[in-house]
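Here's the structure we're looking at; comments come further down.
So you know, we letter chains A, B, ... as the sequences are listed, proteins then strands, and number each from 1.
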Amino acid sequence: MPELPEVETIARQLRERGVEGREILALRIDWPRMVEPLTPAAFSNALCGTKINTVSRTGKWIQIQLSSGQHWMVHLRMAGSFSKRRSKFDRAEVLLSGGMKLYFRDTRKFGRWKLVDDPQEILGQLGPDALSKHFTGTYLEQQLTHRKRAIKPLLLDQSLIAGIGNIYADEALWATSIHPQRCSSSLTPEERKALYRAIRHVLRIGVQNRGTSLGKGQTNYRDMNGESGSHRKRVKAYGRKGLPCERCGTPLIKIVVVQRGTTLCPTCQVR
DNA sequence: GAAGACCTGCTA
DNA sequence: TAGCAGGTCTTC
């Protein structure tokens, strides 16, 4: 679930709740694989007694800078989220100074926590963050023209652009009427520019709406307050199979591209 | 690239 | 009950 806008929402809410400046007093980890190769005890020992300096986000990673000089890196993967409320799907519990508790909820147990001395160990493997100033139209153009790859998997490749996931890839491609299997080098200059603008636009709107979630239930994205994002109402392609395209009225179809469900308009988005 | 693995809950 | 899900990793 969480892509850039959802991860950004969680990072912001951690800051808004005021976790920065607090000391980590206790930490319980109930799902050991989450912190491999460290053990839960080793991870907990390294964090307890340190203070949280800052919380930030790059791509789909949350970066928590600690007073020890180390960085607590969190990837939510498919279903992770921090929450201020306890739930039966919590995999970890953090006690902060001032009596604040944080719960790490993760139904599918795919979330990962890492402890690193230098965040570049992780972030260095990523392309520029899709909403940062380092992701420019020129950069995207280079990536598209220098490769012969289907456009959708290229957009999902975190080593090229960090933060785009399945929902926002489908949204950006629908917005620009580009078929997800088009070869990246076949895009016209106009299409490349439009795609750049669409990527930035759908992600910004996603952030403004505090993320996207679909359906109900525990596998869905929830923010720290347990609320689903309101971006769902604005989604034009993802999850709208069979519903009319908002441009031409043709029912949207769903295909599989690199093993990912992909929704598109068969009329507007031609190969 | 493709396919399977990692996991659980929800929907059809 | 089978198949599907917002993400990555590993192994062909």
Practice item. For the side chain of A:Lys109, starting at C-beta, report the closest nucleotide among B:dC7, C:dT8, C:dG6. Key: B:dC7
Exercise for review: Describe the nucleic acid contact of A:Arg33 in one word from base, sugar-phosphate, nothing, applying a heavy-atom distance below 4.0 Å.
Suggested key: sugar-phosphate
Check your understanding: Over how many whole Å does the gap from A:Ile62 atom CD1 to C:dG7 atom C1' extend?
Key -> 14 Å
Study note, to complete from the structure: Winner on side-chain proximity to A:Val258, out of C:dT8, C:dG6, B:dG1, is B:dG1
Practice item. Can you tell me the distance, in whole Å, between the CG atom of A:Leu123 and the P atom of C:dT8? Key: 13 Å
Point to revise | Whole-angstrom distance between C:dC9 and B:dG9, as gauged at atom P | key: 24 Å
Check your understanding: Just checking A:Trp61: base, sugar-phosphate only, or nothing, at a heavy-atom cut-off of under 4.0 Å?
Key -> nothing
Review point. About how many Å separate CG of A:Leu203 and CD of A:Gln208, when rounded to the nearest 0.5 Å?
Key: 11.5 Å
Practice item. Specify the separation, in whole Å, of atom CZ of A:Arg77 and atom P of C:dA5. Key: 18 Å
Exercise for review: Using a heavy-atom cut-off of under 4.0 Å over every strand shown, decide if A:Lys254 touches base, sugar-phosphate, or nothing.
Suggested key: sugar-phosphate
Review point. Atom CG of A:Asp106 and atom C1' of B:dT8: how far apart are they, to the nearest Å?
Key: 10 Å
Check your understanding: P atom, C:dC4 versus B:dA3: distance in rounded Å?
Key -> 14 Å
Exercise for review: Using the P atom on both, measure C:dT1 against B:dC7 and round to a whole Å.
Suggested key: 23 Å
Practice item. Could you check how far CZ of A:Arg105 sits from C1' of B:dG9, rounded to whole Å? Key: 13 Å
Review point. Just how far, in rounded Å, is P of B:dG1 from CG of A:Asp157?
Key: 11 Å
Revision key, fill the gap. With the side chain defined as heavy atoms from C-beta on, A:Met78 is closest, among B:dG1, C:dG7, B:dC7, to C:dG7
Exercise for review: Can you tell me the distance, in whole Å, between the CD1 atom of A:Ile161 and the P atom of C:dG7?
Suggested key: 14 Å
Exercise for review: Give A:Gln259 one of three labels, base, sugar-phosphate or nothing, depending on what nucleic acid heavy atoms sit under 4.0 Å from its own.
Suggested key: base
Study note, to complete from the structure: pair_partner(B:dC7), Watson-Crick or wobble, both distances < 3.5 Å, evaluates to none
Check your understanding: Using centres under 5.5 Å plus planes under 30 degrees as the test, is A:Phe110 stacked with C:dT8?
Key -> no
**Study point:** Under 4.0 angstrom between A:His75 side-chain N/O and C:dT8 OP1 or OP2
**Key:** yes
Review point. How are the rings of A:Trp61 and A:His75 set relative to one another: parallel (under 30°), tilted (30 to 60°) or perpendicular (over 60°)?
Key: perpendicular
Exercise for review: Using a cut-off of strictly less than 4.0 Å, decide whether A:Tyr168 has a side-chain nitrogen or oxygen near OP1 or OP2 of C:dG6.
Suggested key: no
Review point. C:dG7 phosphate, OP1 or OP2: any side-chain N/O from A:Arg260 under 4.0 angstrom?
Key: yes
Check your understanding: Between A:Tyr238 and A:Tyr168, is the gap from one ring center to the other below 6.0 Å?
Key -> no
Practice item. State whether A:Glu171 and A:Arg234 are salt-bridged, where the test is any N-O pair (Lys NZ or Arg NE/NH1/NH2 against Asp/Glu carboxylate O) under 4.0 Å. Key: no
**Study point:** salt bridge (charged side-chain N to carboxylate O under 4.0 Å, His left out) assessment of A:Lys114 paired with A:Glu121
**Key:** CA-CA 10 Å; A:Lys114 304 256 179 215; A:Glu121 289 174 36; over 6 Å; no
Review point. Between C:dG7 and A:Gln158, is there an OP1 or OP2 to side-chain N/O distance shorter than 4.0 Å?
Key: no
Check your understanding: Which one, C:dT8, C:dG6, B:dT8, comes nearest to the side chain of A:Glu3?
Key -> C:dG6
Check your understanding: Which value, in whole Å, describes the distance between the C1' atoms of nucleotides C:dT8 and B:dC10?
Key -> 22 Å
Practice item. Please assess A:Asp129 against A:Arg57 for the test salt bridge (charged side-chain N to carboxylate O under 4.0 Å, His left out), listing each intermediate value before the final yes or no. Key: CA-CA 9 Å; A:Asp129 181 88; A:Arg57 177 201 61 78; 2.6 Å; yes
Revision key, fill the gap. Between CZ of A:Arg222 and P of C:dG6 the distance, given in whole Å, is 17 Å
